[in-house]
Amino acid sequence: MVNAIKGIFISCDVPMAQFIVNMNASLPASQKFIVHILDSTHMFVQPHVVEMIRSKIAEFREQNTYEKPA
């Protein structure tokens with residue numbers, strides 16, 4: 001019997017994948033969103049968390065952006 005799950009395929013570099021995995025690990029078991037990690041740069045996640053992942057990545061990038069002093 002086939003068990004199908006709707007989800008989103010994510011392809012990214014290794015550091016960003018680790019960021020997403022760490023974000024998933026920090027959540028309680030009932031809120032974990034990674035369905036399957038395919039390899040170090042690809043994963044399958046639940047579709048309802050895409051915007052949360054995008055916003056967390058945007059916050060992370062904003063915090064780690066270098067601004068030249070005036």
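Keep in mind it's a predicted model, so treat the numbers as computed, not measured.
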Atom pairs and distances, donor-acceptor, side-chain atoms in residues 21-28, under 3.5 Å, two or more places apart:
residue	atom	partner	partner atom	Å
N24	OD1	F33	N	2.7
N24	OD1	I34	N	3.3
S26	OG	M23	O	2.8

Review item, side-chain donor-acceptor pairs of residues 50-57, under 3.5 Å, at least two apart:
residue	atom	partner	partner atom	Å
E51	OE2	R54	NH1	3.1
S55	OG	E51	O	3.3
S55	OG	M52	O	2.9

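- Here the straight-line distance linking atom CE of M43 with atom CD1 of I20 works out to 5.0 Å at 0.5 Å rounding.
- Across all their heavy atoms, A17 and C12 have their closest contact at N-SG, 3.5 Å.
- More than 12 heavy atoms of other residues, nucleotides or ligands shown are found within 6.0 angstrom of CD on Q31.
- Within the structure, ring-ring contact (aromatic ring centres under 6.0 Å, His included) contacts touching residues 35-61 (residues at least two apart or in different chains) are F9-H42, F19-F60.
- Linking ILVMFWY side-chain heavy atoms closer than 4.5 Å, directly or via other members, places I8 and V49 in a single hydrophobic cluster.
- Counting heavy atoms from C-beta on, the side chains of T41 and D39 come closer than 4.5 Å.
- Annotation for P47 and G7: closest pair CD-CA, 3.7 Å, computed over non-hydrogen atoms.
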